[in-house]
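What follows is a single structure, written as structure tokens, with notes after it.
A note on names: the letters A, B, ... follow the listed sequences, proteins ahead of strands, and every chain is numbered from 1. None of the values given here were measured: they were computed from a predicted structure.
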Amino acid sequence: MHSYLSLSQRPLPYPSSLQTEPDHRPPPSATQWVDLLRSLTQSSSHRAAISTYAAMLAAAPPDNFAFPAVLKSAAAVRDLGLGRQVHAHVLKFGHAPSVAVANTLVDMYGKCGDAAAARRVFDGISGRDDVSWNSMIATLCRFEEWEASLRFLRLMLSSRDAEPTSFTLVSAAHACSHVRGGSRLARQVHAYTLRNGVWGTYTNNALVTMYARLGRVNDAKALFEAFDDKDMVSWNTVISSLSQNDRFEEALVYLHLMIVDGVRPDGVTLASVLPACSHLERVGFGREIHCYALRNEGLIENSFVGTALIDMYCNCKQAEKGRLVFDGVLRRTVAAWNAMLAGYARNEFDDEALRLFVEMVSEEFCPNATTLSSVLPACVRCEAFFDQEGIHGYIVKRGFGSDKYVQNALMDMYARMGRIEISRMIFGRVDRRDIVSWNTMITGCVVCGCHDDALNLLHEMQRCQGEDGSEAFVDCEEGEERIPLKPNSVTLMTVLPGCASLAALGKGKEIHAYAVKQMLAMDVAVGSALVDMYAKCGCLRLARIVFDQMPVRNVITWNVLIMAYGMHGKGEEALELFRRMTTEGGSSRNVIRPNEVTYIAVFAACSHSGMVDEGLHLFHTMKARHGIEPRSDHYACLVDLLGRSGQVKEAYELINTMPSNVSKVDAWSSLLGACRIHQSVEIGEIAAKHLFDLEPNVASHYVLMSNIYSSAGLWDQAMEVRKKMKEMGVRKEPGCSWIEHGDEVHKFLAGDSSHPQSKELHEYLETLSLRMRKEGYVPDTSCVLHNVDDEEKETMLCGHSERLAIAFGLLNTPPGTTIRVAKNLRVCNDCHVATKIISKIVDRAIILRDVRRFHHFRNGTCSCGDYW
DNA sequence: CTAGGGTTAG
């Protein structure tokens, strides 16, 4: 008795598939039975083959010729029960031990998901041949046991049972693209095929895929090009290699070459090339592929094609089209559901996403890690859904807690909830952090306003280059193993807003240099972020230089620059850019259509420069010219524009004309700010009344109203508002200013004395104060809330965070250096006057950025000309 | 009797 024929299970019940009615035509002889069976298996009529086997079983005992065929069919339909039955028959009826039968058993068990059984049968084979080894090695690959598969490959070589064949090489190529040190093994495998002439389309295609998986796209391409017998699979291989390595343009080029070569794309081709259309947002091209799929037999029924189409439409902002495809998909797979869910979530159709998720679960589709990481962002944004920790529990319970995608989604979720500590904890547990793990964590910090943490992470990320598994597979030169993890364009786009926010010009310049060196500066998104960073660090000139040098610009790029000019008080220039954008669109000669944000930028620019008429004109024409319906933030800008220019009453009237479906909160808030500037107590009271009602928890409303009262000398009312604020348990955000010095950003809170130089700073401000008075400075104490004596008020003003930051800059930089300070709130009137005088006394340019705009102080004047 | 190419996510 040969051990491979032993079956470790007790006799199994007859599987249902063997109970089918036998064919009634009389099949006379045993050989005819076998012929019929084999022909059915060969023509992929597996169900029929299985019925035939059942019928045959009733007529005569099966033999070694019948087993391979029925086992192949069992494997094809993944029927493990049937496979085990046949194994039992092999034991019962098999005459002489046949290696071929055993090999087929190994293969069947592998395909039916019982790796242990496959291994048991393999171990029992005496006189193993090449097919035995190949089947076992392929089985291990199927179970993603890459190391084990390579171990068996070595065993095969040393056993001298058989020489590796092209089959062996295919598995070897597969395995070595998934292990550490794969590049070296890959070269060995490649060399082996050349040396031993183990060649053919199968091997070659496998090698192309192997190189692509290792990120060595150029090697993959070269191998493809050098191969003479390209068939459809070869073309599909190279196209998917490019697509999967983010070389989308090239993937489209190769599709074209394939067609020129006379090879007709099949479902696999489409499924490989559609992601390229999706990422490049080439919806026109994607639609052509959709038509091709509809016109050609069988393509649209392919679930891979359907899924890729759903994704393509959704990624091109056409979620409704995606839904139409989804609804037409005949056999919905989990991937199709996921694509639709992710598509909704990406377009922020959160309700639809959640509804679809519920539908998916109720139709008994089992959500996987992809599903959950797609739904999570929708849950976070969706107000109806607030039990986020509950979701986390659900995820852990279902065993998806260690999936990288899920972990990223969770990190993002907690960051958006303000629970950055939890994001950090999850980040700490991520197994092999890749670039996206890092990017997600960095984004989380930026979302939470922890900008310095984001920059620190950027450093940390580069420090752990080459460490353990935190390496990325990238295309590298011959002889190189792998290039370590390094920031990509997403990292830069994430971290640049952090620099912008911190006004960390030095760090921003460093990142700019890195971007240029890594060829990432050409990227529209990176370029736009650089323009924004320079503008927000006060360097409008550099922002403009970067803008002018960008090869491609989009709406966002233009919006950023218009916003930049507006913030720097250059309204005329901003409007000129707006005109240029809509008429010539820069170097591409394509006119760029303004969007909602463009108009926000334009109105803000008008507001900071007092260009009321221009702003009003653009407001009244935006619908007709560009089809943009004014939103609540547009109204808020307009109210700000009118109010700031002193037309408080007109601003109030504008609010009254707003359509009822547009939220008025922001508009009231703008109006209240205008009342603060122009001391309109009555209208201020109206605005405040609405705001206290609509947003009782926002501190700035109370503070503004209180300040309006105190500057009008209405101390009692001011105290009243303050009391009300206290009762509501609302706390004012503390004033905070910061300044970059060397590698650090120094922060100062109002009245704060925790800075190491605090004592020096206060002393310096005092001596400065004496000189300021000689220049005619009179403290304006109206913005000080407390009803205290004047001397104390003045001390409090000196404790304003921007003064501390400016003093720090003056004390720590050489004469003549420009001081750049940023602040989280608006600059108060007194600080504005004071800074002007300081700039004159110390003869320094001081650039002060507040929440809204820049103030360039020089020689006793401000760029805003007191219009602020 | 064993083999190559595909969809979804951050």
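Here B:dG10 is the nucleotide among B:dG10, B:dT8, B:dG4 with the atom lying nearest to any side-chain atom of A:Tyr405. Distance from the side chain of A:Asn134 is smallest to B:dT2 among B:dG6, B:dT7, B:dT2. Comparing B:dG6, B:dA9, B:dT2 by their nearest atom to the side chain of A:Ser373 picks out B:dA9. The side chain of A:Pro275 approaches B:dT8 more closely than any other nucleotide in the set B:dT2, B:dT8, B:dG4. In the set B:dC1, B:dG4, B:dG6, the nucleotide with an atom closest to the side chain of A:Asn205 is B:dG4. Nearest to the side-chain atoms of A:Asp107 among the listed nucleotides B:dA3, B:dG6, B:dA9 stands B:dA3. The side chain of A:Arg346 approaches B:dA9 more closely than any other nucleotide in the set B:dG10, B:dG6, B:dA9. For A:Val131, the listed nucleotide lying nearest its side chain is B:dT2; candidates were B:dA3, B:dT7, B:dT2. Nearest nucleotide to the side chain of A:Gln244, out of B:dA3, B:dG6, B:dT8: B:dG6.
We find that CD1 of A:Ile239 is positioned 15 Å from C1' of B:dT7, with the value rounded to whole Å. Counting to the nearest Å, the C1' atom of B:dC1 and the CZ atom of A:Phe67 are 14 Å from each other. Atom pair A:Leu153:CG and B:dA3:C1' shows a separation of 14 Å (rounding to whole Å applied). The distance from atom CE of A:Met312 to atom P of B:dA9 is 13 Å, rounded to the nearest whole Å. Put simply, CZ on A:Arg381 is 13 Å from C1' on B:dG10, counting in whole angstrom units. Atom-to-atom, CG of A:Leu207 to C1' of B:dG4 comes out at 10 Å; the value is rounded to the nearest Å. In this structure, A:Met461 places its CE atom 14 Å from C1' of B:dG10, rounding to the nearest Å. If you measure from atom NE2 of A:His279 to atom C1' of B:dG10, you get 11 Å, rounded to the nearest angstrom.
No contact: A:Pro377 has no heavy atom under 4.0 Å from any strand. Residue A:Thr237 is in sugar-phosphate contact alone, with no base atom involved, counting any heavy-atom pair closer than 4.0 Å across all strands shown. Among the heavy atoms of the strands, none lies under 4.0 Å from A:Gly343. A:Ser374 comes within 4.0 angstrom of sugar-phosphate atoms only, judged by non-hydrogen atoms across all strands, and of no base. Residue A:Ser272 is classed as a sugar-phosphate contact, given heavy-atom separations below 4.0 Å to backbone atoms only. Within the 4.0 angstrom heavy-atom criterion, only backbone atoms of the sugar-phosphate kind lie near A:Arg142; the bases stay farther away. Among the protein residues, A:Ser240 comes within range of the sugar-phosphate backbone only, with heavy atoms under 4.0 Å from sugar or phosphate atoms but none that close to a base. Looking at heavy-atom distances under 4.0 Å, A:Asp231 makes contact with a base. At the heavy-atom level, A:Met340 lies nowhere under 4.0 Å from the strands shown. Within 4.0 Å (heavy atoms only), A:Lys111 reaches sugar-phosphate atoms of the nucleic acid but no base atom. Residue contacts for A:Asp266: at a heavy-atom cut-off of 4.0 Å it reaches a base atom on one of the strands shown. Counting non-hydrogen atoms under 4.0 angstrom, A:Ala409 reaches nothing in the nucleic acid.
Salt-bridge annotation for A:Arg346 and A:Asp311: present, with a side-chain N of the basic residue lying under 4.0 Å from a carboxylate O of the acidic one. Taking the charged nitrogens against the carboxylate oxygens, A:Glu250 and A:Lys221 do have a contact shorter than 4.0 Å, which makes a salt bridge.
Side-chain contact between A:Gln407 and A:Phe427 is absent, with no heavy atoms from C-beta onward closer than 4.5 Å.
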**Asked** Going through the checks in order, is the side chain to side chain contact (heavy atoms under 4.5 Å, CB included) test met by A:Arg287 and A:Met312?
**Response** CA-CA 9 Å; A:Arg287 206 178 296 121; A:Met312 186 274 298; 5.7 Å; no
**Request:** Check step by step if side-chain hydrogen bond (donor to acceptor under 3.5 Å, both in side chains) holds for A:Asn103 and A:Ser132.
**Result:** CA-CA 5 Å; A:Asn103 292 343; A:Ser132 319; 2.7 Å; yes
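Around atom OH of A:Tyr192, more than 12 heavy atoms belonging to other residues, nucleotides or ligands sit under 6.0 Å away.
With hydrogens and angles ignored, no donor-acceptor pair closer than 3.5 Å exists between the side chain of A:Asn204 and the base of B:dG4.
With A:His174 as the partner, the ring-ring contact (aromatic ring centres under 6.0 Å, His included) test is satisfied by one option alone out of A:Phe167, A:Tyr202, A:Phe143, A:Trp146: A:Trp146.
Stacking between A:Phe304 and B:dT7 is absent: the ring centroid is not both under 5.5 Å from the six-membered base ring centre and under 30° in plane angle.
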